[in-house]
Amino acid sequence: MAEQEPKELLEMSTDTERLLEENDLRPLWEVEKDFGNQFGGFEADIWKWEDIQASIDAIEQDVPIADLPPGFQRRVAVPVNTGYRNAISNTIYVGVQTVSPGETAPAHRHGANALRFTIDGSEDMKTVVAGEEFPMRDNDLITTPQWEWHDHVNDGDETAAWLDVLDLPLVLDSLNARNTFENHELDRQPVTKSQGYWESQYGRARPFEDTKEDGIPGPFEGNCAATPPYRFSWKDTLQTLRQRADNDDPDPHDGYSLSYVNPATGQPPLFPTMSFRAQLLQEETDPHFHNAVDAYFVIEGEGATHVGDDVLEWSERDIFVIPPDEIHHHDPDGEAILLGMTDRPVFEAFNFYAEAEP
Ligand code: 1HN
């Protein structure tokens, strides 16, 4: 079939063009071309740990947290996409943060949801969330739900590093919700709860009240219940993954996979805007594609992820991203474990989520 000639652009008279322009009006057939292009050049991309490590070490040498200008006051190297220089994707932000021995990342709170996934941690590296000190051990995942005060205190001897994952591009850019940040009057918020408090409230026996004094909805509010502050210890998560690998069949696209559930509901997503999985891969997965963004952190092992015509070769601690609608599959070299992050809950909330095999 002969290639179709591009259609001639509709021409308006110069007078009409000027009239619209003077009145801040544009014809839809012009506007239409710009929709969906604000976030240009979103390609599959990978950030290798050795490059991230060199960068976080260098900024740690140059920039004490105490010298940071007013603002978020966190020492973070932020993987950015070619088409969007604020974050890895248009919805999910991932950063790599360090806190040196003796340093504190001062207390603040905000409307964006956040979590920490510990890379180099210790019992003495604590993130303080909603009055409780959570020790950050390697590969622990700790939530910082929206509006909860949080500060990070390193009482250990080694620099600590972790991933921050926030729905920041969604909150700050798409929703333009900029007045959603507040600094605490103290660098360190008072510790008002004993260790283990938050976890204890979401076990099999729970407080009877619908809503606790601090306003965080209790377990009886169905799927809308807010995410509590919570630490998912890697020790437990890994044990569950192993049990799955020993007893179950893998999912064709995601291997042996666990959802980090909202402890208040027992269901995913962990946050209304972002969902997380631990995925153990032993074999090549089947290709599929979907309109939600997937980002990954390599917890263990090495392999490759094929995205369209690209091959992302990954090893431990690398970060990579798969743009919407790209056909992709994983090919681990032996056994590998990934942390999967996605904005799928946003699509599902609006009945937009779609997934298919090629
Ligand atoms: C934030 O609160 C943290 O608490 C890290 O560690 C990165 C980036 C933007 C906005 C808030 C943190 C952040 C952030």
Side-chain angles (χ1 to χ4, degrees), residues 47 52 55-56 59-60 63-81 84-100 103-122 125-136 140-156 159-189 191 198 227-231 270-271 273-274 276 295 297 319 339 341 343:
W47 291 262
I52 299 170
S55 305
I56 59 175
I59 57 173
E60 188 190 2
V63 187
I65 296 174
D67 289 359
L68 288 170
F72 295 143
Q73 292 199 295
R74 298 294 190 254
R75 186 174 52 224
V76 182
V78 183
V80 296
N81 211 281
Y84 178 74
R85 304 301 286 171
N86 294 350
I88 195 169
S89 82
N90 54 316
T91 47
I92 294 180
Y93 156 110
V94 177
V96 185
Q97 177 165 182
T98 58
V99 176
S100 313
E103 278 189 319
T104 293
H108 67 208
R109 61 179 189 163
H110 40 70
N113 288 287
L115 68 70
R116 323 286 151 210
F117 190 86
T118 316
I119 298 173
D120 284 317
S122 79
M125 175 66 230
K126 283 156 301 195
T127 180
V128 189
V129 187
E132 181 179 336
E133 292 180 313
F134 292 87
M136 301 178 78
D140 284 353
L141 184 157
I142 301 151
T143 64
T144 306
Q146 49 182 174
W147 294 120
E148 296 294 358
W149 294 112
H150 54 284
D151 44 288
H152 317 304
V153 180
N154 190 347
D155 287 331
T159 296
W162 60 83
L163 287 189
D164 298 308
V165 188
L166 290 91
D167 49 14
L168 214 59
L170 198 64
V171 172
L172 291 189
D173 282 341
S174 297
L175 301 180
N176 204 18
R178 284 176 289 188
N179 297 323
T180 52
F181 181 88
E182 188 182 2
N183 279 310
H184 201 283
E185 56 187 10
L186 304 169
D187 269 5
R188 297 185 179 192
Q189 68 178 293
V191 174
W198 281 111
T227 311
Y230 203 83
R231 183 173 70 92
L270 183 55
F271 297 111
T273 48
M274 300 182 289
F276 297 85
F297 172 72
I319 297 167
L339 173 72
M341 315 172 239
D343 59 2

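Along the sequence shown, residues carry numbers from 1. Order of listing sets the numbers, starting from 1, for every ligand and every atom in it.
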S.K.: Applying a 4.0 Å heavy-atom criterion (strictly less than), which segment of F181 is in contact with ligand 1: side chain, backbone, both, or neither?
M.R.: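 It is neither part, as no heavy atom is under 4.0 Å.
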S.K.: Looking at N81 and I88, would you say the former's side chain and the latter's main chain have a donor-acceptor pair under 3.5 Å?
M.R.: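 Yes, N81 side chain to I88 backbone: donor-acceptor pair under 3.5 Å.
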S.K.: Quick one: does Q97 get an N or O within less than 3.5 Å of an N or O on ligand 1?
M.R.: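 Indeed, backbone or side chain, Q97 has an N or O that close.
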S.K.: Counting each atom of ligand 1 from 1 as listed, which ones have a heavy atom of H110 under 4.0 Å away?
M.R.: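 Near H110, meaning under 4.0 Å from one of its heavy atoms, ligand 1 has 1 (C), 2 (O), 11 (C).
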S.K.: Counting non-hydrogen protein atoms only, what is the nearest one to atom 14 (C) of ligand 1? Give residue, atom name and distance.
M.R.: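 Of the protein heavy atoms, L166 CD2, 3.9 Å lies nearest.
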S.K.: Between D164 and W162, do the side chains contain an N or O donor and an N or O acceptor separated by less than 3.5 Å?
M.R.: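 There is such a pair (donor and acceptor under 3.5 Å, judged by atom type) between the side chains of D164 and W162.
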S.K.: Looking at R116, which atoms of ligand 1 are within less than 4.0 Å of one of its heavy atoms?
M.R.: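 Atoms satisfying the 4.0 Å criterion: 3 (C), 4 (O), 5 (C), 6 (O), 12 (C).
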S.K.: At less than 4.0 angstrom from any non-hydrogen atom of Y93, what atoms of ligand 1 do you find?
M.R.: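 What qualifies from ligand 1 is 7 (C), 8 (C).
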S.K.: If you have a sec, work out which protein heavy atom is nearest atom 2 (O) of ligand 1 and how many Å separate them, to one decimal?
M.R.: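 Closest protein heavy atom to atom 2 (O) of ligand 1: H108 NE2, 2.5 Å.
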S.K.: As a test of understanding, state which of Q189, R74, E182 forms a side-chain hydrogen bond (donor to acceptor under 3.5 Å, both in side chains) with H108.
M.R.: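 So the option named by the test is R74.
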S.K.: Give a yes or no on whether the backbone of P145 and the side-chain of E148 come within a donor-acceptor separation of less than 3.5 Å.
M.R.: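 The answer is no, because no donor-acceptor pair under 3.5 Å joins these two groups.
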S.K.: Where the side chain of S100 meets the backbone of E103, is there a donor-acceptor pair that is under 3.5 Å apart?
M.R.: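 Checked: no pair found.
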S.K.: Heavy-atom distances under 4.0 Å decide this one: backbone, side chain, both or neither, for T144 against ligand 1?
M.R.: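 No part of T144 comes within reach of ligand 1.
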S.K.: Based purely on interatomic distance, does R74 place a nitrogen or oxygen under 3.5 Å from a nitrogen or oxygen of ligand 1?
M.R.: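 Yes.
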S.K.: Any chance the side chains of T180 and H110 put a donor and an acceptor closer than 3.5 Å?
M.R.: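 No donor-acceptor contact under 3.5 Å links the two side chains.
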S.K.: Looking only at protein heavy atoms, which one is nearest to atom 9 (C) of ligand 1, and what is the separation?
M.R.: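 That would be L168 CD2, 3.2 Å.
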S.K.: Considering only protein heavy atoms, which is closest to atom 6 (O) of ligand 1, and at what distance to one decimal place?
M.R.: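 Nearest neighbour among protein heavy atoms for atom 6 (O) of ligand 1, to 0.1 Å: H152 NE2, 2.6 Å.
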S.K.: To the nearest 0.1 Å, how far is atom 5 (C) of ligand 1 from its closest protein heavy atom, and which atom is that?
M.R.: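 Its nearest protein heavy-atom neighbour is D164 OD2, 3.5 Å.
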S.K.: Side chains of L141 and L115: closer than 4.5 Å at any heavy-atom pair?
M.R.: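 L141 reaches L115 side chain to side chain.
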S.K.: Tell me if a side-chain donor or acceptor on R75 pairs with a main-chain N or O of V63 at a distance below 3.5 Å.
M.R.: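 Side chain of R75 to backbone of V63: a pair is present.
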